[in-house]
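Contents: one structure, followed by commentary.
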Amino acid sequence: MSLHTTIIESNKKFVIHRMFDTDSNIRIPVSSGQTLSPVQIVAQAHQETGYEIVTAAKQLGIGPSDLKSHLKAQVGDQVKLGSLLAEKRRAFGRSIHVSSEVAGTIVDIINGNIFIARTPEDVNLRALVSGQVTQVLQNKGVAIEVEGARIQAVWSNDIEGSGQLMIQTESPTSKINMAALDADLFNAIVVVGHIESPNTLHRLAESGAKGVIAGTISAELFQSAAGWNLPLVLTDGAGFGGMYPPMFQMLSENSGKETALFNGKYSLSGRAEIVIAQDAPAETITSSPHKNFSRTELALGQTVRLITGENRGKSGTIQKIYNWPQITINGVRSKGADVEFENGEQFFVPTPNLDIIM
Amino acid sequence: MIQEANTEDQLKDQPPAPPKAPSTFLLVDIGERHTTALLIQRVAGFCRLVSRAAVPSTHKSPHSNAGDGVLEAIQTLEEIGNQKILTSNNDLVLHTEQRGRGIDKFLISISMERIIRTVVVAPSVEDPAVESAVHLLQRFPSKLEKLFTGGNTHDLIEDVTWLANNRPDLVLIVGSDPRGRGYGKQIVRAATHVGIGVRQFSKASRPEVIYAASGHWDEDVKQALDLGAELKTAPNLRPDARHERVKPVRKLIEDVIRRDHLSQIPGLVEVMRWSGEVPYARNEGLAIFARFQAALVDGPVLILDHDVNGLTMVYAKPNFTDLIIRSDLGLGKTLGQAAGELDLAELSQWVGTTSSAAENSENLLHTHMINRSLFPNAIAQSKQELSLDLVMLQGLIRKGVQEASNAWGLDPEVPLSIKRLFVRGKILELTGDGESLILTLFNALQLQGECETFIDPHNAMALLGQLLEQEPTAAVDVIEADAFLSLGWLVGIPGRGRKGKNAVSVELKESNSTEPIVQENIARGDLVSIGLPNGGNYEATLRYKRIGLSNMKTLEEIEGFKARIWVDGRGRPAVLPDDQISMWNHISPT
């Protein structure tokens with residue numbers, strides 16, 4: 001059984017990866033040992049950007065078969081924005097021009113139309129966080145050693161960003177302070193416990209904020225949040241429960257610090273992550289947990305949180321591990337552990353329902 | 001690499017043994033979530049499933065090597081089954097005459113699949129071939145991105161730009177025989193647009209194009225496409241409204257998927273080199289298994305395989321098998337989106353009354369589905385959560401089966417009649433006890449009549465389907481002996497009636513005995529399960545009550561073990577809120 005784990009760590013040195021999942025046409029403009037600023041480009045992908053079709057014969061007012069004699073460019077030619085593609089001379093020295101509206105390469109001329117493959121664009125992957133390159137992963141990206149705090153989230157809307165951490169809520173379960181929406185949120189990564197109003201989404205998008213970290217979001221807002229153009233990271237998921245308190249605590253302690261929101265697409269773990277730069281000397285180095293083929297196992301005393309049910313988000317410690325399947329209240333057979341929760345309550349939790357706090 | 005055992009076991013000097021039937025089979029399925037290994041051995045002349053191991057699959061990050069999971073599953077199998085399969089260098093030991101070492105046959109199947117983005121080209125939307133193409137593509141993990149027809153391909157620029165910027169994986173050209181003048185011109189026009197679009201890609205990255213339309217326009221369409229030898233051709237998929245030729249086209253699509261798909265799964269090529277086997281597509285095995293079952297019971301059979309990456313449904317009856325994959329109805333990350341497509345207001349009426357009055361069930365269900373998409377491996381921790389899981393499953397299966405009904409020649413509004421039902425996948429983990437699973441199946445399928453129901457806890461159906469093709473005797477031994485768990489008979493009473501009115505009487509007796517051990521009248525609106533004593537063979541007689549007549553049915557040779565007879569006396573089709581009943585009345589023989 002693969003265990004669900006979540007990293008919450010502070011004052012540490014750790015390694016993050018910034019890499020593309022394709023291995024072609026990747027340029028790495030940094031080198032091992034180089035110190036990085038958040039805005040620095042660490043990898044560039046040369047990405048195909050599609051085609052442009054120029055209706056040349058139609059624009060010149062001629063038949064497709066007549067285009068050949070009016071062409072000023074041929075298949076294989078590279079063209080720039082504004083390059084002359086075809087021309088038809090008219091009386092009194094006037095002429096009609098057909099120009100390229102894109103930069104690219106002419107790949108075909110069919111039926112009076114000129115097909116231009118647009119010049120591939122560079123997609124830039126920025127560091128988003130201060131750190132040092134520890135390894136260049138050829139044709140992929142880089143590994144960066146970071147000093148600071150890290151929280152793994154459960155979901156992001158796939159947009160990345162960085163800014164200054166700003167707490168805008170009273171408690172892990174609270175909604176945003178509405179007054180905050182009128183305040184200056186320029187460059188802020190706003191932290192709220194729970195989002196339940198579409199109005200909050202709209203106002204935040206217009207506020208100049210660089211991103212939002214929320215514990216939970218109401219189910220009916222989930223789809224629209226997925227299409228939101230501001231980075232949004234959820235630490236806990238859908239519902240009304242708010243944020244896991246230790247995460248809120250850590251974010252509160254780091255208010256004002258440079259923070260990056262990663263979407264997981266460019267990392268090894270595939271998880272959305274919040275990374276906060278810290279000035280304090282980092283204690284230890286956590287190497288990438290994914291170097292070797294290994295599986296995490298349950299251990300006595302481990303801190304865990306529940307990821308499902310009415311007690312979702314509740315935290316406790318493992319008191320007993322069952323290596324043989326137990327039968328749950330619903331008749332499901334599952335391995336698991338007895339967990340003692342902060343209120344003194346203790347009960348069996350199936351392994352798939354445990355999130356191990358690393 | 002397969003290693004002959006005798007090189008390691010120093011058996012070189014032994015005389016060659018006469019050929020004999022293979023007696024040890026290793027079957028491995030590399031799934032999206034789990035890699036499962038089954039070991040089958042011949043014991044006293046009969047093949048038996050002797051051990052099974054399942055470990056998390058490793059084709060995705062962070063491991064990114066399918067082989068790690070395969071190796072771990074086989075190593076676990078060795079530990080459980082006390083059977084040496086690998087050498088110290090992790091080479092496979094090919095079977096020797098010595099018992100307890102090596103294997104005779106190794107089959108691999110894969111079930112995690114990339115969605116194939118497809119485009120269909122046809123003369124017109126109304127052409128019956130379009131229906132056949134859409135239906136055929138549903139047998140694969142595919143998504144129909146666009147339908148190009150003579151009617152909607154007016155703008156060359158728009159079409160070619162779309163194709164160039166949305167590179168599909170597969171283009172399927174279909175069209176029945178001509179119906180009047182001008183019909184062929186429409187498909188030629190669509191093919192011209194598609195041909196130009198496809199040719200914008202370099203040869204290495206062009207979509208696969210399959211021509212399975214009428215021979216009447218064969219030359220014109222090929223000329224319009226201008227793809228030369230790259231074009232794959234098959235006989236007309238739908239020559240006319242009444243005939244379909246699916247097999248050749250299906251074979252071509254399978255080849256495309258197998259070739260393109262396998263190379264993209266990290267580590268799979270190495271597994272193939274190591275094992276010397278080319279993996280089967282899991283779905284092929286499921287279809288073979290369903291066909292076998294339909295022939296066995298001489299009637300319709302349904303397989304539901306509901307897992308994180310989709311709902312796979314196989315409906316088979318003698319001379320008909322159909323497999324549909326709904327990757328949008330899985331129990332994984334698509335759940336959040338599926339929540340938006342189900343009628344949650346109606347569905348939430350099925351949620352049990354344990355939900356807090358303050359919270360509205362529709363919102364609870366919506367929230368639950370999104371969170372399940374974030375944590376697809378979680379299992380219900382409370383009764384309320386179980387209730388939400390069951391309703392979610394019910395909604396997804398109902399939608400899948402209703403939308404598949406037309407393809408199976410069934411009316412989606414008419415309750416389903418099948419003779420056998422097989423269930424596998426995460427649905428079993430979510431429902432927990434048999435009682436909840438059965439209620440979910442009754443609600444989702446609206447079953448009527450008598451249906452023998454099995455679960456597949458070992459993930460064996462597809463693998464045994466493949467074995468049926470290669471070693472039918474061994475496969476039949478295992479199927480008949482111990483591969484599946486019987487949940488018993490599900491009996492759904494047709495039609496509706498006043499609650500409390502007698503609907504069916506059930507008489508249970510030991511085979512060859514005249515003395516009934518259970519006699520029970522079951523009323524409309526009741527959910528009753530009848531237990532069987534352990535051991536022995538039993539016979540149940542069902543007498544359905546109808547106005548003025550009695551309809552009798554006998555269930556023979558029921559093996560008394562854990563199986564029960566589950567009778568759903570609620571109406572068909574279900575009507576809310578009357579049929580929102582979830583309490584079973586359990587009856588055991590005195």
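The chains referred to below are lettered A, B, ... by the order of the sequence lines, with proteins before strands, and numbering in each begins at 1.
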Practice prompt. Identify, with sequence neighbours excluded, every residue that meets side chain to side chain donor-acceptor pair (under 3.5 Å) alongside A:T55.
Written response: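 A:T55: side chain to side chain donor-acceptor pair (under 3.5 Å) contacts with A:Q59.
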
So what's closer than 4.5 Å to chain B heavy atoms on [X]: side chain, backbone, both or neither?
X	answer
A:N330	both
A:L306	side chain
A:R312	side chain
A:F348	backbone

Practice prompt. Assess whether atom CD of B:Q223 is packed by more than 12 heavy atoms of other residues, nucleotides or ligands within 6.0 Å.
Written response: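 At most 12 heavy atoms, drawn from other residues, nucleotides or ligands, come within 6.0 Å of this atom.
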
Worksheet item: Does CD in A:Q346 sit with more than 12 non-hydrogen atoms of other residues, nucleotides or ligands closer than 6.0 Å?
Response: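 Yes.
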
Worksheet item: Which residue out of A:I217, A:D355, A:V107, A:I329 racks up the most heavy-atom pairs below 4.5 Å with chain B?
Response: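 So the answer, after comparing A:I217, A:D355, A:V107, A:I329, is A:I329.
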
Worksheet item: Given a strict heavy-atom distance threshold of 4.5 Å, which part of B:Q337 is in contact with chain A: side chain, backbone, both, or neither?
Response: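 Both the backbone and the side chain of B:Q337 come within 4.5 Å of chain A.
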
Discussion item. Which atoms of B:R372 are under 4.5 Å from chain A, going by heavy atoms: the side chain, the backbone, both sets, or neither?
Written reply: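 Looking at B:R372, just its side chain touches chain A.
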
Item to complete: Using modelled atom types only, decide if a donor and an acceptor are shared between the side chain of A:N353 and the backbone of B:A380 within a distance under 3.5 Å.
Response: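 Flag not set: sc A:N353 to bb B:A380 has no pair under 3.5 Å.
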
Discussion item. Counting heavy-atom pairs closer than 4.5 Å to chain A, which one of B:T161, B:L386, B:L428 comes out on top?
Written reply: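 The candidate making the most pairs under 4.5 Å is B:L386.
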
Discussion item. I'd like to verify something: which residue of B:I196, B:T192, B:L388 has the highest number of heavy-atom pairs under 4.5 Å with chain A?
Written reply: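 Winner by heavy-atom pair count: B:I196.
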
Worksheet item: Does some side-chain heavy atom of A:W155 sit less than 4.5 Å from a side-chain heavy atom of B:I370?
Response: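 When only atoms from C-beta onward are counted, A:W155 and B:I370 do not touch, as no gap falls below 4.5 Å.
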
Fill in: Heavy-atom side-chain proximity of B:Q381 to A:F347 below 4.5 angstrom
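Yes, close enough: below the 4.5 Å cut-off.
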
What are the two closest non-hydrogen atoms of [X] and [Y], and how far apart are they?
X	Y	answer
B:I379	A:P350	CD1-CB, 3.5 Å
B:S382	A:E310	OG-OE1, 2.6 Å
A:A219	B:T367	CB-OG1, 3.5 Å

Looking at [atom1] of [X] and [atom2] of [Y], how far apart are the two atoms once the value is rounded to the nearest 0.5 Å?
X	Y	atom1	atom2	answer
B:N371	A:D236	CG	CG	9.0 Å
B:N363	A:F240	CG	CZ	4.5 Å
B:L374	A:H4	CG	NE2	8.5 Å

